[in-house]
Structures are given as structure tokens and as C-alpha cells.
Amino acid sequence: VADLQSIAFNYKAKGFEGTAALYHFKAGAFKDNGTTAVRNYRYSRSGDEEHALIWELAGSYRFDKNWRILGAYAQNTKADYYNKAAIAQLEYKGSAPQDVGSWGAYLAYRHLGGNVALDTLPDGCGLNEKGWEVGAKATLAKNIQAQVIYFFGGKRLVNDRDVSKLFGRLEYWF
């Protein structure tokens with residue numbers, strides 16, 4: 001069982017969107033029971049911490065109808081290990097499920113500390129990994145999209161070993 005409280009402030013202006021957020025979690029899963037089986041990595045030096053206090057700043061700027069840059073930074077002030085996450089991403093165009101033939105591509109750098117990025121998609125960069133990601137998505141038919149991600153040049157934060165992934169997905173929208 002976990003408790004969660006959060007507050008977020010959003011701002012929009014011509015081409016710019018920004019968010020500042022604060023999240024507070026209380027969960028026994030953060031405690032180190034001697035095996036760290038839930039996460040496979042440490043949370044706090046004491047092993048007794050059961051809180052997460054995460055603050056986040058995120059923003060994006062659309063230069064024109066084709067180009068957008070976005071970034072986010074978050075930190076968990078209660079965790080002693082893997083407590084920072086950051087993303088910087090440059091996007092070109094974009095695909096929409098209803099727009100047959102639409103497509104988009106992106107280049108991103110991701111650093112996802114597992115004690116702040118508590119839930120990520122396993123597509124490219126995973127928890128406790130950092131590195132570069134290149135991806136593309138296209139609408140093949142109405143409500144059918146294909147996505148390809150090649151994550152390369154990455155490292156695992158826990159042991160500094162190289163990691164790379166090739167990921168593909170076909171999505172059907174109903």
C-alpha cells in the first residue's frame with residue numbers, strides 16, 4: 001500500500017509549455033529489507049526510509065509546425081542513490097493515429113535514476129540507465145501506428161556496463 005500526494009503548476013505561452021511539480025510518496029517498498037528484491041538496488045543509506053519527495057521541472061518549445069525541443073529534470077530528495085532523472089529531446093514532425101502517412105522522428109538523451117523515475121516504459125532507456133535514443137513513428141493506416149526505437153550508447157547506472165536495445169511496436173487505436 002502506498003500514499004501519494006502531488007501538486008503541479010502548468011504554464012502555456014506562444015510555443016512554450018512548462019510544468020513544475022512536487023510528489024510525495026510513502027511506501028514500504030522504499031525500505032531495504034536486506035535483499036532489495038523489489039528494486040535490485042539501494043534506496044537509502046539507512047535502509048529505513050519509506051518516503052519519496054520528488055520535485056520536477058519540465059518544459060517544451062515548439063519552433064514551428066515541424067520542430068520541438070523538450071526537457072525535464074527531477075530529483076528525489078529522500079533517496080541517497082539513483083535519485084536524479086533528466087531528459088532532453090529534439091522532435092521532428094509527429095504522427096497522429098487518424099492521419100495516414102503522418103510520421104515523426106526524435107533524438108533524445110535520457111538519464112533515468114530508478115529512485116526518481118519510478119515508472120518508465122521499457123521501450124528504450126530503462127530504469128537506472130542513461131544514453132542516447134533515436135526513434136520514429138509512422139501512421140500506416142487509420143488508427144494503426146508503427147514505432148521503432150533504437151537506444152544506443154547507453155550505460156547502466158548501477159555498474160557502468162554498456163546497454164543497447166532495439167524496440168519495435170505496432171499500435172492499434174480503437
Side-chain angles (χ1 to χ4, degrees), residues 2 4-25 27 29 38-40 52 54-76 82 84-157 162-174:
L4 166 66
Q5 298 86 38
S6 66
I7 187 167
F9 299 95
N10 299 307
Y11 177 78
K12 253 185 172 178
K14 186 178 178 183
F16 175 80
E17 292 183 36
T19 299
L22 182 67
Y23 309 92
H24 174 259
F25 296 88
V38 174
R39 295 178 312 278
N40 293 320
I54 299 169
W55 61 269
E56 173 189 22
L57 293 175
S60 69
Y61 181 75
R62 183 167 294 283
F63 295 99
D64 57 30
K65 69 177 188 170
N66 291 327
W67 292 97
R68 182 171 85 134
I69 191 166
L70 60 93
Y73 179 84
Q75 186 169 358
N76 181 348
Y82 314 110
K84 295 176 184 163
I87 296 171
Q89 184 164 309
L90 178 64
E91 299 174 341
Y92 179 70
K93 290 191 173 187
S95 67
Q98 300 289 325
D99 188 5
V100 177
S102 65
W103 65 277
Y106 69 90
L107 170 66
Y109 180 80
R110 305 187 193 288
H111 176 116
L112 301 178
N115 289 327
V116 66
L118 300 178
D119 185 23
T120 65
L121 297 174
D123 304 359
C125 186
L127 290 179
N128 285 329
E129 294 178 350
K130 64 180 179 177
W132 291 93
E133 186 173 298
V134 176
K137 186 182 259 189
T139 302
L140 306 176
K142 186 176 178 181
N143 296 325
I144 300 175
Q145 291 183 306
Q147 179 180 11
V148 176
I149 297 174
Y150 179 66
F151 170 78
F152 67 97
K155 298 268 186 190
R156 295 189 195 284
L157 298 178
D162 290 341
V163 63
S164 62
K165 298 175 190 171
L166 176 61
F167 175 85
R169 173 177 29 222
L170 195 58
E171 296 176 317
Y172 297 91
W173 298 84
F174 298 98

To check you understand the geometry: which heavy-atom pair defines the closest contact between [X] and [Y], and what is its length?
{"X": "Asn76", "Y": "Asn115", "answer": "ND2-O, 2.7 Å"}
{"X": "Thr139", "Y": "Pro97", "answer": "CG2-O, 3.5 Å"}
{"X": "Ala96", "Y": "Gln145", "answer": "C-NE2, 3.6 Å"}
{"X": "Gly126", "Y": "Lys165", "answer": "N-NZ, 3.6 Å"}
{"X": "Ile149", "Y": "Gly124", "answer": "CG2-CA, 4.1 Å"}
{"X": "Tyr106", "Y": "Ala136", "answer": "CE2-N, 4.4 Å"}

Atom pair [atom1] ([X]) and [atom2] ([Y]), whose distance is rounded to the nearest 0.5 Å:
{"X": "Leu22", "Y": "Trp55", "atom1": "CG", "atom2": "CH2", "result": "10.5 Å"}
{"X": "Ile54", "Y": "Phe25", "atom1": "CD1", "atom2": "CZ", "result": "5.0 Å"}
{"X": "Ser95", "Y": "Trp103", "atom1": "OG", "atom2": "CH2", "result": "10.5 Å"}
{"X": "Asn143", "Y": "Asp99", "atom1": "CG", "atom2": "CG", "result": "11.5 Å"}
{"X": "Gln75", "Y": "Leu57", "atom1": "CD", "atom2": "CG", "result": "10.5 Å"}
{"X": "Ser6", "Y": "His24", "atom1": "OG", "atom2": "NE2", "result": "12.0 Å"}

Decide yes or no on side chain to side chain contact (heavy atoms under 4.5 Å, CB included) for Arg62 and Trp67, but give the supporting numbers first. CA-CA 6 Å; Arg62 183 167 294 283; Trp67 292 97; over 6 Å; no
Do [X] and [Y] have side chains that approach each other closer than 4.5 Å (heavy atoms only, starting at C-beta)?
{"X": "Phe9", "Y": "Ile7", "value": "yes"}
{"X": "Leu70", "Y": "Leu90", "value": "no"}
{"X": "Tyr73", "Y": "Lys84", "value": "yes"}
{"X": "Ile87", "Y": "Tyr109", "value": "no"}
{"X": "Phe16", "Y": "Tyr11", "value": "yes"}

NZ/NE/NH1/NH2 to OD/OE distance under 4.0 Å, Glu171 and Lys137: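 Here Glu171 pairs with Lys137 in a salt bridge, since their nearest N and O are under 4.0 Å apart.
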Taking Glu129 first and then Lys155, would you say they form a salt bridge - that is, a charged N and a carboxylate O separated by under 4.0 Å?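 Salt bridge: no.
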Show, in sequence, the C-alpha distance, side-chain angles and deciding distance for Leu157 and His111, and conclude whether the side chain to side chain contact (heavy atoms under 4.5 Å, CB included) test is met. CA-CA 9 Å; Leu157 298 178; His111 176 116; 3.7 Å; yes
I'd like to know if the side chain of Thr19 pairs up with that of Asn10 as donor and acceptor (distance under 3.5 Å, no hydrogens or angles considered).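 The criterion, which ignores hydrogens and geometry beyond distance, is satisfied for Asn10 and Thr19.
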Derivation of the side chain to side chain contact (heavy atoms under 4.5 Å, CB included) call for Ile144 and Val100: CA-CA 9 Å; Ile144 300 175; Val100 177; over 6 Å; no
Any chance you could lay out the side chain to side chain donor-acceptor pair (under 3.5 Å) test for Arg110 and Gln89, step after step, and finish with the verdict? CA-CA 8 Å; Arg110 305 187 193 288; Gln89 184 164 309; 2.8 Å; yes
Going by salt bridge (charged side-chain N to carboxylate O under 4.0 Å, His left out), name the residues that satisfy it together with Asp64, two or more places apart in sequence or in a different chain.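 Result, salt bridge (charged side-chain N to carboxylate O under 4.0 Å, His left out) vs Asp64: none returned.
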State which residues pass salt bridge (charged side-chain N to carboxylate O under 4.0 Å, His left out) with Glu56; sequence neighbours excluded, sorted by chain then number.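 Counting only residues at least two positions away or on another chain, Glu56 forms no salt bridge (charged side-chain N to carboxylate O under 4.0 Å, His left out).
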Using the test ring pair (Phe, Tyr, Trp, His ring centres under 6.0 Å), find all partners of Tyr61 that sit at least two apart in sequence or belong to another chain.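 Residues passing ring pair (Phe, Tyr, Trp, His ring centres under 6.0 Å) with Tyr61: Phe63.
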